[in-house]
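Single-structure report; data block below.
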Number of protein chains: 2
Amino acid sequence: MPPSGDAPSAIEHTLRVIGDRWSILIVRAALRGIRRFDDFCEDLGIARPILTERLRRLVRNGVMIKVPYQDHPVRYEYRLTDAGIALSPVLVALVRWSEEHAPGATTPTALVHAPCGTELEQAFWCRRCRTTFGPTAIRGVERRQVDGDSAADMPDAPAGH
Amino acid sequence: MPPSGDAPSAIEHTLRVIGDRWSILIVRAALRGIRRFDDFCEDLGIARPILTERLRRLVRNGVMIKVPYQDHPVRYEYRLTDAGIALSPVLVALVRWSEEHAPGATTPTALVHAPCGTELEQAFWCRRCRTTFGPTAIRGVERRQVDGDSAADMPDAPAGH
DNA sequence: ACATCTGGGTTCTGTTTTAGAACTCACTCG
DNA sequence: CGAGTGAGTTCTAAAACAGAACCCAGATGT
């Protein structure tokens with residue numbers, strides 16, 4: 001089922017990893033500090049066989065890792081990898097959308113910039129113009145092959161992670 | 001199936017609207033200019049009954065609108081609302097993730113800042129610190145009730161849409 | 001030393017979604 | 001009047017999901 005004729009697009013690739021009803025919620029739980037099978041199970045209300053399968057897939061795709069946290073009864077817990085943490089922008093975008101476009105959305109927790117405690121915004125950033133902007137200023141252009149990093153006359157990156 | 005005990009969280013709300021295997025791809029197709037039933041069908045390779053159901057749900061949730069584009073045989077097309085366009089950050093986040101964390105991801109089109117053509121970045125922005133930052137600097141805090149816009153000593157918003 | 005508990009699963013049986021192809025319906029065009 | 005067109009519906013079969021019960025390896029209590 002090709003999306004637009006060509007090979008699986010970027011979005012489709014990501015959706016194949018986290019595009020089911022549970023994976024994103026699992027990642028969110030993990031970001032909140034949950035690590036163990038039973039805790040995921042209870043926190044999410046997910047059926048056990050499905051949790052098993054999802055964790056396995058997230059591990060396979062490098063989103064989480066399974067690490068033993070004790071031996072004797074060898075027990076494992078699941079932690080986000082860097083790639084898993086890098087899903088945050090997706091989560092934040094989902095939260096923001098519901099906050100701005102939901103009827104009576106209750107949002108118990110706010111997302112803030114850790115150092116200063118100010119509620120964060122999410123924006124698109126143009127490094128050349130050095131400005132943020134909204135969705136209407138986005139355009140999609142064909143990317144030519146072997147594009148050997150043509151742009152090289154701009155000051156610096158947006159900021160440090 | 002409560003996620004963390006309380007009412008449906010923001011993420012869950014958004015996922016109930018676009019959290020299936022097709023809705024996001026439908027929105028993406030719409031952003032690329034597709035409007036008509038058969039075109040969605042062909043572009044996505046989605047089964048017709050499912051497309052029917054999804055479009056109906058997207059309309060119900062204010063993501064798209066169904067507008068007649070001719071009468072006599074009254075024919076309808078589907079267009080994104082502002083709320084639908086506001087899903088762009090989600091799409092961009094999904095694209096970016098696969099670009100940065102996929103094995104051999106092919107990305108035929110690049111997303112650029114329309115006015116200048118520079119490839120865009122997506123970042124978190126703190127209006128107080130006036131800086132962008134990455135996922136590791138995010139913290140979630142309990143939001144107290146009736147929070148009557150307590151913060152009022154910061155210059156301006158990140159930028160204009 | 002036996003019973004019970006804990007944590008991380010697996011097996012089983014429904015129910016719900018999804019996929020795919022074929023069909024309908026209202027109209028237009030040649 | 002026969003062949004399209006566009007936007008769906010109606011089937012059927014295949015896959016995903018939910019829920020409860022079960023399993024296994026050790027630890028712990030008595």
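Numbered from 1 within each chain, the chains take letters A, B, ... in sequence-line order. Given the structure is predicted, the values throughout are model-derived calculations rather than measurements. The analysis underlying the following values was restricted to heavy atoms, covering all of them including side chains, and did not include hydrogens, waters or symmetry mates.
Within residues 58-73 of chain A, the residues that place at least one heavy atom under 4.0 Å from DNA chain D are, in residue-number order, A:His72, A:Pro73.
C:dT18 atom P lies 14 Å from atom CG of A:Leu15, rounded to whole Å. Here the P atom of nucleotide C:dT10 and the CD1 atom of A:Ile50 are 13 Å apart, to the nearest Å. Spacing between atom CD1 of B:Ile46 and atom C1' of D:dA7 amounts to 14 Å, rounded to whole angstrom units. Rounded to whole Å, atom C1' of D:dC17 lies 16 Å from atom CZ of A:Arg56. Here the P atom of nucleotide C:dG7 and the CG atom of A:Asp39 are 8 Å apart, to the nearest Å. Following rounding to the nearest Å, B:Glu42 (CD) and D:dG8 (P) show an atom-to-atom distance of 17 Å. Rounding to whole angstrom units, CZ of residue B:Arg75 and C1' of D:dG8 are separated by 10 Å. Remark: P of C:dG8 and CD1 of A:Ile34 are 13 Å apart, rounded to the nearest angstrom.
Using a 4.0 Å heavy-atom criterion, one finds that A:Tyr78 contacts the sugar-phosphate atoms exclusively.
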Kindly give the atom pairs (protein nitrogen or oxygen, nucleotide nitrogen or oxygen) under 3.5 Å for nucleotides 20-24 of chain D.
none

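In this model, the phosphate group of C:dT17 is not approached by any side-chain N or O of B:Trp22 to a distance below 4.0 Å at OP1 or OP2. Between A:Arg36 and C:dG9, a side-chain N or O to OP1/OP2 separation shorter than 4.0 Å is absent. For the pair B:Arg54 and C:dT18, the criterion of a side-chain N or O lying under 4.0 Å from OP1 or OP2 is met.
The salt bridge (Lys or Arg N to Asp or Glu O under 4.0 Å) check on B:Arg35 picks up B:Glu77, with sequence neighbours excluded. Judged as a salt bridge (Lys or Arg N to Asp or Glu O under 4.0 Å), and not counting sequence neighbours, A:Asp39 has no contacts. Evaluation of the salt bridge (Lys or Arg N to Asp or Glu O under 4.0 Å) rule for B:Arg96 yields B:Glu99, B:Glu119 as partners, not counting sequence neighbours. B:Arg48 pairs by the salt bridge (Lys or Arg N to Asp or Glu O under 4.0 Å) definition with B:Asp38, not counting sequence neighbours.
Side-chain N/O atoms of B:Arg21 and base N/O atoms of C:dT18 include no donor-acceptor pair closer than 3.5 Å.
Clustering of Ile, Leu, Val, Met, Phe, Trp and Tyr side chains at separations under 4.5 Å leaves B:Tyr69 isolated, with no partner residue.
Taking the nucleotide of DNA chain C with the nearest heavy atom to each of B:Glu53 and A:Tyr76, the more 5' of the two is matched to A:Tyr76.
For B:Glu121 (side chain) and A:Cys126 (main-chain N/O), no donor-acceptor pair under 3.5 Å exists by modelled atom type.
Under the 6.0 Å cut-off for aromatic ring centres, B:Phe124 and A:His113 do not qualify, their centroids lying 6.0 Å or more apart.
Applying the salt bridge (Lys or Arg N to Asp or Glu O under 4.0 Å) rule to pairs touching residues 61-76 of chain A yields nothing, sequence neighbours excluded. Residues in residues 71-98 of chain B take part in these ring-ring contact (aromatic ring centres under 6.0 Å, His included) pairs, two or more places apart or across chains: B:Trp97-B:His101.
Candidate nucleotides D:dA7, C:dT10, D:dT9 were compared by shortest atom distance to the side chain of B:Thr52, and D:dT9 ranks first.
Annotation: the span from A:Arg139 atom CZ to A:Thr136 atom OG1 amounts to 13.0 Å, rounded to 0.5 Å.
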